[in-house]
Amino acid sequence: MIELIDVSFGFEEKIVLKDINLKIEKGELCTIVGPNGSGKSTLVHVITGIYKPYKGIVKLFGREDYREQRRKISFVPQKVSSFNQLFPISVKETVLLGLVPQKGFFKRFNKEDFKKADDILKKLDLYETKDKQLGKLSGGQQQRVFIARALISEPEILILDEPTVGIDSKSEEILYNLLLEQKNNNTTIVMVTHDIFAIKDYADKVVCMKDGEILTIFGAKEFSAKKYKQIYLTD
Ligand code: ADP
Ligand code: MG
């Protein structure tokens, strides 16, 4: 579903990803770990197609030209800050925006769309907030709204960058159950995370990064907290 072959990327003079080779099969949940600054966010931006590598090949859905398939990809970026109090958009509207890539900009939302929004908001325990302004919600609630926006389109590839930062353990549980549900529907999931428990319980593949390179890739069951420490805490 996702294949990177000798991919390198950088910002101006600075090389951030070096010769990345990675293959993620359909229906896999792949986690990406590594210290801050190791290139995890940059890597997921390359996978989504937001950043174009200066070297190497990115294939999604088995093809190099995946423009037609772009609408089947959803991305929840790493949260940098919360939306301002005055940001004039409601929770429900934010979630509906997740359908725009599929519907196109000029189509009105219909009954079915509103039902989809209601359903996903209920699943994420946000239904009561649906008519509130996004900016009035807590940081953790806003994060869940962005997850709802990514899921409403029923993506075939779902990419999440540190989705559980700032959310409480109940919401975390809700999120992981939703991810498992997606996985059972054969959605391919890429998640950047520091959550070792989640990795142990849910990951089919653990990509360990450092300084823009993949140090090692563990399969399901191979990963342990001990190995994680060996990689990152010994020098
Ligand atoms: P991680 O997500 O693992 O913390 P990032 O991918 O965000 O790491 O960053 C990797 C490196 O790339 C860092 O050294 C960071 O400073 C640099 N970097 C990230 N984004 C930019 C940018 N837009 N312009 C220049 N350098 C950047
Ligand atoms: Mg990051």
Side-chain angles (χ1 to χ4, degrees), residues 1-4 7 17 20-48 60 73-80 120 123-125 139-141 143-144 146-148 150-151 154-235:
M1 202 60 165
I2 300 171
E3 188 173 10
L4 277 68
V7 165
L17 297 176
I20 299 289
N21 285 286
L22 178 61
K23 220 171 164 176
I24 303 168
E25 308 295 337
K26 191 174 171 71
E28 269 189 343
L29 196 163
C30 172
T31 55
I32 299 175
V33 302
N36 291 334
S38 55
K40 304 181 298 296
S41 294
T42 306
L43 176 61
V44 291
H45 278 82
V46 168
I47 295 174
T48 58
L60 298 189
I73 308 168
S74 283
F75 178 40
V76 183
Q78 186 168 6
K79 194 163 152 292
V80 265
I120 192 70
K123 277 189 181 173
L124 279 157
D125 201 14
Q141 284 174 318
Q143 178 71 349
R144 272 148 59 208
F146 294 121
I147 292 163
L151 290 177
E154 296 168 28
E156 288 182 34
I157 295 178
L158 174 63
I159 299 170
L160 310 108
D161 195 350
E162 305 202 20
T164 56
V165 171
I167 73 177
D168 58 33
S169 45
K170 185 182 160 217
S171 306
E172 212 174 81
E173 191 63 24
I174 293 172
L175 170 67
Y176 290 141
N177 285 332
L178 269 176
L179 293 187
L180 286 183
E181 195 183 304
Q182 297 290 312
K183 198 173 128 59
N184 289 336
N185 291 335
N186 237 350
T187 306
T188 308
I189 304 170
V190 181
M191 176 168 70
V192 177
T193 185
H194 296 285
D195 182 350
I196 290 190
F197 294 111
I199 296 165
K200 281 186 66 170
D201 291 349
Y202 307 118
D204 298 308
K205 204 172 253 177
V206 188
V207 176
C208 301
M209 293 192 67
K210 196 177 181 183
D211 301 329
E213 289 177 290
I214 294 179
L215 291 179
T216 178
I217 301 178
F218 292 112
K221 312 246 154 64
E222 286 171 0
F223 182 81
S224 68
K226 194 175 160 195
K227 285 183 188 164
Y228 184 85
K229 281 185 193 160
Q230 273 169 359
I231 291 179
Y232 291 116
L233 303 177
T234 51
D235 251 331

So which heavy atom on [X] is nearest to which on [Y], and how close?
X	Y	value
G27	T188	N-OG1, 3.1 Å
K26	E156	NZ-OE1, 4.0 Å
V76	F146	CG2-O, 3.9 Å
C208	I231	SG-CD1, 4.0 Å
S38	M209	O-CE, 3.5 Å
A203	V206	CB-CG2, 4.0 Å

With side chains defined as the heavy atoms from C-beta onward, is the minimum distance between [X] and [Y] less than 4.5 Å?
X	Y	value
L158	S74	yes
L215	Y232	yes
I199	F223	yes
F218	V33	no
L4	I47	yes
Y176	M191	yes
S41	V192	no
I20	I214	yes

Determine whether a donor-acceptor pair (N or O, by modelled atom type, separation under 3.5 Å) exists between the side chain of Q143 and the backbone of P163.
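The answer is yes, because a donor-acceptor pair under 3.5 Å joins these two groups.
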Would the distance check show the side chain of K40 and the main-chain N or O of P35 forming a donor-acceptor pair, the cut-off being under 3.5 Å?
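Such a contact is found between K40 side chain and P35 backbone.
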Could you walk me through whether N36 and H194 pass side chain to side chain contact (heavy atoms under 4.5 Å, CB included), step by step?
CA-CA 10 Å; N36 291 334; H194 296 285; 4.0 Å; yes
[X] [atom1] to [Y] [atom2] distance, which is reported to the nearest 0.5 Å:
X	Y	atom1	atom2	value
I196	K200	CD1	NZ	8.5 Å
M1	I73	CE	CD1	8.5 Å
K23	I217	NZ	CD1	11.5 Å
H45	I159	NE2	CD1	10.0 Å
T48	L43	OG1	CG	9.5 Å

If the test is side-chain contact (heavy atoms from CB on, under 4.5 Å), which one of L29, I2, I157 qualifies with I24?
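Exactly one candidate clears the test, I2.
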What residue among V165, T164, L160 forms side-chain contact (heavy atoms from CB on, under 4.5 Å) with E162?
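With E162 as partner, side-chain contact (heavy atoms from CB on, under 4.5 Å) holds for just one option, V165.
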Residue pairs, two or more places apart or on separate chains, that pass salt bridge (Lys or Arg N to Asp or Glu O under 4.0 Å) and touch residues 219-234
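Sorted result for residues 219-234: empty, none.
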Could you note down all residue pairs passing salt bridge (Lys or Arg N to Asp or Glu O under 4.0 Å) where residues 170-198 supplies at least one of them, sequence neighbours left out?
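The answer is K123-E181, D125-K170, K183-D204.
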Using the test salt bridge (Lys or Arg N to Asp or Glu O under 4.0 Å), find all partners of E28 that sit at least two apart in sequence or belong to another chain.
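Checked E28 against salt bridge (Lys or Arg N to Asp or Glu O under 4.0 Å); matches are K205.
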